[in-house]
Amino acid sequence: MNNNNYFGTLFDGLRSLGTGLKTTMKEFFTKKITEQYPENRKELHISERFRGTLTMPHNEANEHQCIACGLCQNACPNGTIRVVSEMVETEDGKKKKQLVRYEYNLGSCIFCQLCTNACPHDAIAFSNEFENAVFDRSKLILTLNKPGSKVAAKKS
Amino acid sequence: MNQETLHIASAELLAKMKQLKEVEKMDYLRSLTGMDWGTPEENDTQETMRGLGVVYHLESTSTGKRICVKTSTLDREHPHLPSVCHLWKGAELPEREVYDFFGIIFTGHPDMRRLFLREDWVGFPFRKDNNPEAENPLRMTNEETIDTTYIYKEEANGTLSRTERKLFEDDEYVINIGPQHPATHGVLRFRASLVGEEINKIDVHCGYIHRGIEKMNESLTYPQTLALTDRLDYLSAMQSRHALCMCIEQAMGVEVSDRVKVIRTIMDELQRIDSHILFFACLCQDMGATTAFLYGFRDREKILDILEETCGGRLIINYNTIGGVQADLHPNFVKRVKELIPYLRKNIQEYHDIFTGNIIAQQRLKGTGVLSREDAIAFGATGGTGRASGWACDVRKRLPYAAYDRVDFKEIVYTEGDCFARYMVRLDEIEQSLRIIEQLIDNIPEGSIQEKMKPIIRLPEGSWYTAVESSRGEFGVYLESRGDKSPYRLHYRSTGLPLVAVVDSLTRGAKIADLIAIGGTLDYIVPDIDR
Amino acid sequence: MEVTKKPKIKSIPYEEFKDNETLEQLVKQLNEGGTNVVVGVLDDLIDWGRSNSLWPLTFATSCCGIEFMAVCAARYDIARFGFEITRNSPRQADVILVSGTITHKMAPVLRRLYEQMADPKYVIAVGGCAVSGGPFRKSYHVVQGVDEILPVDVYIPGCPPRPEAFLYGMMQLQRKVKVEKFFGGVNKTKKEGKEEQA
Amino acid sequence: MFDFSIVTNWIHEWLLSLMPEGWAIFVECVAVGIGIILLYALLAIILIFMERKVCAAFQCRLGPTRVGPWGTIQVICDVLKMLTKEIFTPKGVDKKLYNLAPYMILLASFLTFACLPVSKGLEVLDFNVGIFFLLAASSIGVVGILLAGWSSNNKFSIIGAMRSGAQIISYELSAGMAILTMVVLAGTMQISEMVSGQASGWLIFTGHIPALIAFVIYLIAGNAECNRGPFDLPEAESELTAGYHTEYSGMGFGFFYLAEYLNLFIVAAIAATVFLGGWMPLHIPGLDGFNTVMDYIPGFVWYFGKAFFVVFLMMWMRWSFPRLRIDQILALEWKYLVPISMVNLLLMAVIVTLGWHF
């Protein structure tokens, strides 16, 4: 190895190390980008399309849009949704399917949106709620329709 | 992508393949798919394929000609086919995969072991008449490592004979790297024989995250199969899904609108930048430069924010659908992408300052793990790895899809083939991706974002192969349909499998620390290898 | 002693946490024998130390692992909680975040990793795959939830859970650690019992 | 400048008035020992916290914030946890050596720690070949590492230990030579004299060029000696999981962890003593007013201030560079540092002989 090469490498090396040191030192004094969850829980912004959990929107009268057709259950790739329905007779004598329980397993949901795509009445939607960790797996099986709720009357 | 398909009887396979390789210069084996076409039935025509077989997709890197070869054997007891791995080195692992899934023995293959499943697995799960759950409960015993393998040979009377081969001698110092090891980027397992700090030989064990996606696909409807593509190579979620959508659309004869094409292109490129930044971050982490790792992640978050705003997911995105995309672009999308471009350009310079130029990094990366162009092609190592070895293999240029034919970008090709070239290819590609986005972001055409689809999607009978350039190479989808609402066979050309195949030859004589650099720059994603 | 041990976490009131019922049940179970005051104070001190120093094992099999890296990175910065010292050796780790699919081939390895960890050790199942098999519930090679092979302390659903959800899950684990008892080995017998069932 | 020997002498006198000399010395030894241990633990906690905060700042994040104000008592939590964590001995280990190893490492850093001149009159050990003893004692640490690697019955551990052995022994050479250079300049090996010799100007200034070179070489070699990045091969996470201490849990690991930081401090403290004037305040010739103000700051503040400054420099280095490969580490040592420090030593000798220093 000749001398030029020896010292050349040495100085080039030192210079490159210097550049690295300079870069980190610059960052040392830059404002930090950390978002402090949970301290910022109140003002935390999550984009509205984020899929955190499946919900069934209810209106003020405790009514939802689900007609228990089961399309979402069929569309689901891994059996996350279970629609329990019963046949009831309406006032005018017709038989009609009615939702009893809309079971949704948050623990196995893959948020593929096939259920919401399949739903003809927009009865289900994804919400932003992400604070879902629990101690017991059975707590992840949710019933989406609220107790005492019923299907909203058809808009005509 | 119509291409010539050859049906070759198993007895003539070897001669014909040799001719294809040597005369027609079909030097690149794109994909090798195992098939179970079932037992012969009465109303079969001559064209119908039956039995257990293999589909080969070949391409010539010099003429660009492509061909598809199908072969099969009707023997279900002891099915065997000649191995082609002496013609294409890249066939070695896929043939082991086919043996693993279908039980087809490849005669002349140097290492006929299972690739993904445990040695004590019963049966071959991908055969249509096999029920893998029935005989294979969860085994909690530790898997025994076997140091021998077999080479099979077909005797003159048609029976099989086998000879034993030792993988490691008794006096070798073998260390086990993985499956839970920070260097393997997931759950890959290497068994490395060492001489001091130098690696003598590496034996790769895959399958620790083999989830049977391809088998599951056979019982899912087409929209449902889409959900699983995101989880293959989660850093190319957009592109993988894009490939499958394109394949299904092609089979249905659906043409998506210009708007969808442009949106998909932009999303693919955002995803590519995301993946390449993660590549940079993880490589730095592996090489001990923790700070650079955090810089990479800092910038990646900006892209994830944009993706999340439009698609609703950060990593698993679920955006492309058959005939369109899930949702229209968010009103902020264009603005934020435009802010992102200068921001990234500035920060990429910082990457160069802190890592690229650093003498330690350069000395560790330059000259280590050299992959020659011939080897890259023979193994089918596409993507950044192939381009670093001087092989212009970008699918976006070879077979333009979506909006890639109308944008101007440079295919980054280096010739050194070492770790540093692989690293530079990725960093330079970020710039090219930014250029593509720049050209498209201002002219997103109007149009519908979703073609009208029937509620239940059925494909006509036939088979299709579509490829896209994912973040780490050619990602191909081979789809065979029999007219049902779920595919008969859906095979993904893994981008990572060829990359794992080259690890052994790249690391011979290298140091343990080089294994980290080589693994890092090859940039494989394990769930994509194991599928 | 009264059974009103309510673990405090900065910035989130107790009532706003999910699944307080299971936690209260656990507290009740642990305090059945009654506690000595001195021992109780010591317990609190140790629990405080432990709950603020849960060092995770770097263990990731798939997608959720990338999100875990994002949690460790600058924007979410798990270091704020003091959990940033991810250990690669299971002997030195306190909590294993099972982030990603566990396949049949991986299951014995994971179990072995868990056994190599020193007590006290905790398991968090992260993401759909680890909670219940998730997308791969119909697969022939995937464990349908890690609770088949390990005693899980906290489940974080999501596919993958966003980084804040990770942190939330870690805080849930902190709450669980804070109600535990160091003296008397109550937790340990409970865990072993769980293992036998599995 | 306050001389602590007044206090120590007074305590000694007082003890002598109560008991015979032998007992008095014994009591003093015990008291000093406890003092060192306490200081040791305190320093370790401060250093770990500092490292976590400093590295966070380099990485655009915050570091511990949630335990105590600004996360200050975070490390105490860690200590509490490690103390109550199960210690187990894996199957197949050489029990005696396995259990001995962490103590060997601690022993080495304790011995070195005792030599440090914290303030005027506060040296525990001070004799005519102090620097020599310091270098010798600090190299015992490698025995502990080798023992840990060897006894663990783990292939990663042994590779880590072997790397460490090769690395520490090599770098001892250039670290030693860098210090020798300064010994030539100071003209003494006794630590207290070395420090008092710097009253008029720190050695790094009086020795100008060769002293600066020696300082840089010492920093590099020192970093390598405490196995810290970019020389953290023995525990290279991405290669060897945790290197030589892979098999240790609970406090066994805790000792390694503490020793790592204490070694860092010791290296920095030696640098502060030899190059930056120990507890001597900064004096600028000609500025008398400034010098008197500086004199009011107590010696130990100066000392720790300088030591922590060097610690910061080393952290800065650690968090900026990627890790070297084993052959690069050895090449750096044998091809660059050793020849340069030899030439440097010669240069210093010439300068001292000709009186070209300040």
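Order of the sequence lines sets the chain letters (A, B, ...), proteins ahead of strands, with each chain counted from 1.
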Which atoms of [X] are under 4.5 Å from chain C, going by heavy atoms: the side chain, the backbone, both sets, or neither?
X: A:Asn105; result: side chain
X: A:Pro38; result: both
X: A:Phe111; result: side chain

Roughly how far, to the nearest 0.5 Å, is [atom2] of [Y] from [atom1] of [X]?
X: A:Tyr37; Y: C:Phe166; atom1: OH; atom2: CZ; value: 13.0 Å
X: C:Asp77; Y: A:Gln36; atom1: CG; atom2: CD; value: 8.5 Å
X: A:Leu44; Y: C:Glu164; atom1: CG; atom2: CD; value: 5.0 Å
X: A:Glu131; Y: C:Leu167; atom1: CD; atom2: CG; value: 10.5 Å

Among A:Phe50, A:Phe130, A:Phe135, which residue forms the greatest number of heavy-atom pairs with chain C at distances under 4.5 Å?
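Top option by heavy-atom pairs under 4.5 Å: A:Phe135.
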
Of all of A:Asp136, A:Val134, A:Ile33, which one pairs up most often with chain C through heavy atoms under 4.5 Å apart?
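Going by pairs under 4.5 Å, I would pick A:Val134.
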
Does atom CD (A:Glu43) have a neighbourhood of more than 12 heavy atoms from anything else shown, all under 6.0 Å?
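Enclosed: over 12 neighbouring heavy atoms sit under 6.0 Å from CD of A:Glu43.
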
Can you tell me which of C:Gln172, C:Lys138, C:Arg80, C:Arg175 forms the most heavy-atom pairs within a distance under 4.5 Å of chain A?
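It is C:Arg80.
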
Heavy-atom closest contact (A:Ala133 atom, C:Gly169 atom, distance)
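Taking A:Ala133 first and C:Gly169 second, the nearest heavy atoms are CB-CA, 3.6 Å.
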
Looking only at non-hydrogen atoms, find the nearest pair between C:Cys159 and A:Ile110 and report the distance.
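Scanning both residues, the minimum pair turns out to be CB-CA, 3.9 Å.
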
Check each atom of C:Pro135 against the heavy atoms of chain A and say whether the ones under 4.5 Å are side chain, backbone, both or neither.
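Contact with chain A: backbone and side chain both.
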
Is it the side chain or the backbone of C:Met171 that comes within 4.5 Å of chain A heavy atoms, both, or neither?
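For C:Met171, side-chain heavy atoms alone lie under 4.5 Å from chain A.
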
Examine distances only and state if a side-chain atom of A:Ser108 and a backbone atom of C:Ser132 form a donor-acceptor pair shorter than 3.5 Å.
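Not a single qualifying donor-acceptor pair exists.
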
State, with a plain yes or no, whether a side-chain heavy atom of C:Arg162 is found less than 4.5 Å away from one of A:Ile46.
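Yes. Closest side-chain heavy atoms under 4.5 Å.
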
Could you tell me whether the side chain of A:Leu140 reaches within less than 4.5 Å of the side chain of C:Tyr155, counting heavy atoms only?
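Answer yes - side chains close enough.
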
Check against side-chain contact (heavy atoms from CB on, under 4.5 Å), A:Arg137 and C:Asp147
CA-CA 9 Å; A:Arg137 183 166 142 182; C:Asp147 48 1; 2.7 Å; yes

